[in-house]
There are 2 protein chains.
Amino acid sequence: MDALGANSTGYVPLYQQIKRLITESLVSGEWAPGEPIPSEFELASRYSVSQGTVRKAISELASQKVLVRHQGKGTFVASHSQESTNFPFLRIAPDDSVVQSVEATLIDLWRIKLDEISAAKLLVSPGASGWLIRRLLSVEGKETLYEEIRLPGDSFETVEEQLVLDHNCMLYSMYESEFGIRILNVEESLKAVTADGEITKRLKLPESTPLLRVDRIAFTYGDKPVELRRGFCNTSNHHYRNRIV
Amino acid sequence: MDALGANSTGYVPLYQQIKRLITESLVSGEWAPGEPIPSEFELASRYSVSQGTVRKAISELASQKVLVRHQGKGTFVASHSQESTNFPFLRIAPDDSVVQSVEATLIDLWRIKLDEISAAKLLVSPGASGWLIRRLLSVEGKETLYEEIRLPGDSFETVEEQLVLDHNCMLYSMYESEFGIRILNVEESLKAVTADGEITKRLKLPESTPLLRVDRIAFTYGDKPVELRRGFCNTSNHHYRNRIV
DNA sequence: GAGTGGTCTAGACCACTCA
DNA sequence: GAGTGGTCTAGACCACTCA
């Protein structure tokens with residue numbers, strides 16, 4: 001099986017091909033985030049297949065949250081700006097309640113050269129230019145998470161502090177509207193650590209408090225990595241939740 | 001929408017009803033783990049619907065890993081004993097390689113009375129009898145994870161030490177074959193902690209080493225909780241991995 | 001009432017497995 | 001070659017939205 005779903009005889013199901021064509025239109029920007037795509041019957045006639053085949057393609061894209069279906073209204077390009085939550089990949093929650101408010105405050109923003117490890121993870125050459133964003137997240141009014149975010153300069157040409165502030169630190173929504181980069185999924189790697197003085201100070205904690213370190217790689221279309229993130233989380237009153245099936 | 005997928009007018013799609021009938025046959029044991037269920041056409045005639053409708057029901061059950069499909073061979077009841085991995089819900093991996101070998105050694109096993117919190121999580125009355133299993137997991141030959149497992153006595157009447165040893169500490173496979181309880185999914189809650197003396201001694205670590213504490217509730221059919229687990233993981237050379245979409 | 005996605009059917013044919 | 005799951009079609013009808 002290759003990336004298109006072809007087997008050794010070169011057979012690729014029609015719906016896989018349709019899925020690819022739809023994805024191409026999304027990447028090219030023919031259909032913008034938040035906007036409706038053509039109806040299933042329109043797409044069926046455009047690609048000369050049956051509605052059922054288009055439907056199967058759309059179903060898979062909807063399960064990846066690339067598209068969103070609304071019965072009676074249409075199928076829409078998924079958009080961070082119209083999602084229920086502003087931090088769709090945030091797994092930190094307070095212990096005794098459900099997460100209701102998350103606030104981010106910007107610490108600072110720098111143009112940097114990406115170190116070797118970061119560059120390798122972002123699939124760019126070591127020393128390539130990039131950006132470093134540092135910020136603090138408060139969950140339910142309590143400083144809980146200190147984050148360092150690294151962005152590759154080739155995908156993010158100019159990141160102004162004002163831009164980040166304008167978007168109220170909703171970064172993924174900013175990536176989408178300002179840079180045309182939609183984050184589709186993320187990989188996280190967690191460890192328990194004791195953090196250094198600066199981080200504990202930011203989180204207003206005594207030194208050597210154990211912290212949950214969350215390393216993230218965020219991916220856009222085609223599993224292309226476009227953001228690195230390292231977070232240090234105070235888990236005295238919060239936890240990282242996960243469901244595995 | 002109720003649990004069956006009915007809307008306010010009482011309409012329930014056929015495939016949802018079929019899904020329910022199939023699940024009932026699975027719970028009743030008509031089709032045992034690892035065995036094939038009847039073919040799509042057979043089920044279609046049994047339930048007097050089309051193959052497509054049966055197919056849609058099976059597809060959803062397959063995506064929940066309740067069933068497993070094999071083209072050309074049939075559809076099988078999922079079984080832990082024939083899964084690729086013996087620890088299907090284990091998210092701990094070594095930092096610099098892929099996880100290849102996991103070994104579990106039993107520390108001890110006790111009949112206990114469930115404390116209030118555990119009983120509440122397992123939806124049984126506080127003080128109800130149960131079991132406590134303590135064990136150590138080695139990943140790639142290195143002691144990495146200390147675990148305490150609590151089981152409710154109503155689902156697990158008698159748990160013998162020999163039984164656990166016979167199953168080589170593959171607990172979920174044991175639950176399935178010995179108690180007819182199949183774990184379908186788990187919820188985990190993670191925190192960074194400094195563990196007490198006994199745990200660090202078990203993991204051969206200096207005291208006050210930060211550890212990743214993983215609390216798990218495991219569910220069977222109908223989202224019924226049937227196992228509690230608390231693990232303490234040494235993350236110096238290992239990490240907890242997660243993918244979010 | 002027109003248009004959308006959601007369900008369901010009957011039938012055809014394909015890819016894969018196994019004897 | 002028989003039997004399985006996997007794909008695809010054309011057409012019908014349902015549930016929902018919006019004017």
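FYI, side chains are in, hydrogens and waters are out, and symmetry mates aren't considered; it's all heavy atoms of this structure. Residue numbers begin at 1 in each chain, while the letters A, B, ... track the order of the sequences.
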For A/F76, all residues meeting ring-ring contact (aromatic ring centres under 6.0 Å, His included), sequence neighbours excluded:
A/H70

Taking 4.0 Å as the cut-off, does a side-chain nitrogen or oxygen of A/K56 come that near to OP1 or OP2 on D/dC8?
no

Check: B/Y175 ring centre within less than 6.0 Å of B/F156 ring centre
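When the ring centroids of B/Y175 and B/F156 are compared, they turn out to be within the sub-6.0 Å range.
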
Taking OP1 and OP2 of C/dT7, is either one under 4.0 Å from a side-chain nitrogen or oxygen of B/T53?
no

May I have the list of side-chain donor-acceptor pairs in residues 55-65 of chain B shorter than 3.5 Å, sequence neighbours left out?
residue	atom	partner	partner atom	Å
B/R55	NH1	B/E40	OE1	3.4
B/R55	NH1	B/E40	OE2	2.7
B/S59	OG	B/R55	O	2.9
B/S59	OG	B/R69	NH2	2.8
B/E60	OE1	B/K19	NZ	2.7
B/S63	OG	B/E60	O	2.9
B/K65	NZ	A/V245	O	3.4

Round to a whole Å and report the spacing from CD of A/E60 to P of D/dT7.
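Between P of D/dT7 and CD of A/E60: 8 Å.
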
Considering only residues two or more places apart or on different chains, which pairs with a residue in residues 160-174 of chain A satisfy salt bridge (charged side-chain N to carboxylate O under 4.0 Å, His left out)?
none

Within less than 4.0 Å of OP1 or OP2 of D/dT7, is there a side-chain N or O belonging to A/Y15?
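Checking A/Y15 against D/dT7: at least one side-chain N or O falls below 4.0 Å of OP1 or OP2.
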
With sequence neighbours excluded, residues passing ring-ring contact (aromatic ring centres under 6.0 Å, His included) with A/Y47
none

Whole angstrom is fine here: how far is it from CG in B/L43 over to P in C/dT9?
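That distance rounds to 13 Å.
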
Please list, chain by chain and in numerical order, all residues satisfying side-chain hydrogen bond (donor to acceptor under 3.5 Å, both in side chains) with B/S173, sequence neighbours excluded.
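For B/S173, no residue satisfies side-chain hydrogen bond (donor to acceptor under 3.5 Å, both in side chains) once neighbours in sequence are set aside.
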
By ring-ring contact (aromatic ring centres under 6.0 Å, His included) - contacts of A/H239 (at least two apart)
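Residues passing ring-ring contact (aromatic ring centres under 6.0 Å, His included) with A/H239: none at all.
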
Using nucleotides 2-5 of chain D, report all nitrogen or oxygen pairs with the protein that are shorter than 3.5 Å.
residue	atom	partner	partner atom	Å
D/dG3	N2	B/G72	O	3.0
D/dT4	O2	B/G72	N	3.2
D/dG5	OP1	B/T75	N	3.4
D/dG5	OP1	B/T75	OG1	3.2
D/dG5	OP2	B/E40	N	3.0
D/dG5	N2	B/Q71	NE2	3.1

Measure CG/A/L14 against P/D/dA10 and give the value in whole Å, please.
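Value for this atom pair: 11 Å.
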
Mind checking ring-ring contact (aromatic ring centres under 6.0 Å, His included) for A/Y240 and listing every partner two or more places apart, or none if nothing turns up?
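ring-ring contact (aromatic ring centres under 6.0 Å, His included) check on A/Y240 returns nothing, list empty.
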
DNA chain D base-pair string [pairs: Watson-Crick or G-U under 3.5 Å; |: paired with another strand]
||||||||||||||||||.

